[in-house]
Amino acid sequence: MIALIDCNNFYASCERVFNPRLRHKAVIVLSNNDGCVVARSNEAKALGIGMGVPVFKVKDIIERNGVEVLSSNYALYGDMSQRVMQTIATLVPDMEVYSIDEAFLDLSNFKLHDVEKLAHEIRQRVWQWVGISISIGIAPTKTLAKLANHLAKKNTKYNGVCWLKDRNKIDEILQTFPVGEVWGIGRQMTAKCNSFGINTAYQLTQKGDAWIRGNFTIVGLRTVQELRGIACIELQQNFVAKQSICTSRSFGKMISDFDPLAEAVTNFAVRCAEKLRQQKSVANNITVFINTNRFRNDLPQHSQSVVITMPVASSSSQEIVNYAIKALKSIYKNNYQYKKAGVIVSGIVEESSVQTSLFDDVDREKQSKLMKTIDLLNHKMGKDTVYISRQKSDKIEWKNRRDKLSPSYTTRWDDLIEAKASEEITPYNRIKKSEND
DNA sequence: TCTGGGGTCCTAGGACCC
DNA sequence: TCTGGGGTCCTAGGACCC
């Protein structure tokens, strides 16, 4: 038995925990650069604000209904996510944290008659300890647990917990479940299914394996098997190092000059190097890409990327920055307005298994000590306390827009909430006051 | 005016080998 | 006229996820 826990309207819910004024109101949270809508409270969904739409397209709805608009505050959401996960782990330790707001649980160690009670206990505890409401789907496979979760979220009759107990119940549900809502079936596969007259999840499960494989590859077949109750996607409980790491941003405004572009790329490269060191990895390849604004048909377009393979795999900020700048120089062109850039490190291996080069002229021992010291300082004293000079100039042209950022309530001392008790409302004062009167 | 960021996995096809 | 058969490895690009 597998459970999928998913936080309801996660980013919007996080904002509400510390700002009660937002409760019972339509709230939306925007993507980086205040570009698109990435989270909506139920009230905002009801107003017809779609997921992923650019804000400027729903400006009317926002103004007419007084929708509360917030920039995304990842420091807050990341910390709240950890609290949710830690709370769940107090009841079920066998857990895979699947995304910032989702976790799969292995319930095979629990007795069947305890499952429903356990699920409600998890909901209650997360709500009480963290202030976030969650939905829980329970089923024999990950894909079915996802589906159950979907139902738990959509139908209030489930009271937040949907358990697909047996095959009959599962089939009954699948017969009305749109095939496109199934986890792993995206836009392309949905269109193809529909063109074959397959509209429900059940219809898909009735097709032959060979047919499914032929049309939807092994990936599609796995999804169908999971719908049939045969587990093909295992719970991943151990830490797995990433195979590629990307840091990229759209800019607050477009950039033409090389220097500010290089400043941005330097920062992205430093972040990639930090993420590498965090997971004790080194990378062999560095990709740098730059894009002009693809929505501006009136401007000349230039999008290009280039991969550089380093002589020796590395996680040194200095080294990765040097190669990234070299890469940028090779693709940068004058007279274009760039909107976005990014750095990807790939060909990732454990730092303990580095293949050295006979002609290596870098003192790796020294670099490694330097990076450890920098990481320590930056962790203790704040991000970029020690930085590479190219990371910061007086110009900050490439920075993001985050106009509606909420405080980092849980991760910055300066942003801690102050609670003030009014004289009028405390019970103690009320008694004192009446005594005086 | 304004349009996110970060991942994984799979396949097809080319390059190369004998 | 007619041009083998069987592999491996790598990469770009597509599809999917949150």
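We name chains A, B, ... by the order of the sequence lines, and we start the count at 1 in each one. Since the structure is predicted, the reported quantities are computational estimates derived from the model, not experimental observations.
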Check whether any side-chain N or O of [X] sits under 4.0 Å from OP1 or OP2 of [N], and answer yes or no.
X        : N      : answer
A:Arg213 : B:dC10 : no
A:Lys192 : C:dA15 : no
A:Arg401 : B:dT1  : no
A:Gln236 : B:dT8  : no
A:Arg296 : B:dC2  : yes
A:Lys242 : B:dC9  : no
A:Ser99  : C:dC17 : no
A:Thr247 : B:dG5  : no
A:Thr217 : C:dA15 : no
A:Lys339 : B:dC2  : no

**Prompt:** Got a salt bridge between A:Lys153 and A:Asp6, using NZ or NE/NH1/NH2 to carboxylate O under 4.0 Å?
**Reply:** yes
Between A:Asp171 and A:Arg167, is the closest basic N to carboxylate O distance under 4.0 Å?
yes
Rounded distance in Å - [atom1] ([X]) to [atom2] ([N]):
X        : N      : atom1 : atom2 : value
A:Tyr77  : C:dC18 : OH    : C1'   : 15 Å
A:Met189 : C:dG14 : CE    : C1'   : 13 Å
A:Asp34  : B:dT1  : CG    : P     : 18 Å
A:Lys404 : B:dC2  : NZ    : C1'   : 12 Å
A:Phe239 : B:dG7  : CZ    : P     : 12 Å
A:Gln188 : B:dC9  : CD    : P     : 21 Å
A:Arg294 : B:dG5  : CZ    : P     : 10 Å
A:Asn297 : B:dT1  : CG    : P     : 13 Å

Do [X] and [Y] have side chains that approach each other closer than 4.5 Å (heavy atoms only, starting at C-beta)?
X        : Y        : answer
A:Ser135 : A:Ile5   : no
A:Val343 : A:Thr287 : no
A:Tyr336 : A:Met254 : no
A:Leu227 : A:Leu147 : yes
A:Lys383 : A:Glu274 : no
A:Val27  : A:Glu43  : no

Closest to the 5' end of DNA chain B, once A:Val219 and A:Lys275 are matched to their nearest nucleotides, is A:Lys275
Between A:Tyr11 and A:Ser244, the residue closer to the 5' end of DNA chain B by nearest nucleotide is A:Tyr11
For A:Arg277, the side chain to side chain donor-acceptor pair (under 3.5 Å) test, sequence neighbours excluded, returns A:Ser317, A:Asp375
Would you indicate what [X] reaches in the nucleic acid, counting non-hydrogen atoms under 4.0 angstrom: base, sugar-phosphate, or nothing?
X        : answer
A:Ile100 : nothing
A:Val58  : nothing
A:Lys59  : base
A:Arg402 : nothing

Between [options], which nucleotide gets closest to the side-chain atoms of [X]?
X        : options               : value
A:Pro54  : C:dC18, B:dG6, B:dT3  : B:dT3
A:Asn293 : B:dT3, B:dG5, B:dG6   : B:dT3
A:Gln243 : B:dT3, B:dC9, B:dG5   : B:dC9
A:Ile245 : B:dG7, C:dC18, B:dT11 : B:dG7
A:Arg222 : B:dT3, B:dC9, C:dC18  : B:dC9

Annotated structure of DNA chain C as dot-bracket, pair cut-off 3.5 Å, Watson-Crick or G-U only, | for inter-strand, is ....||||||||||||||
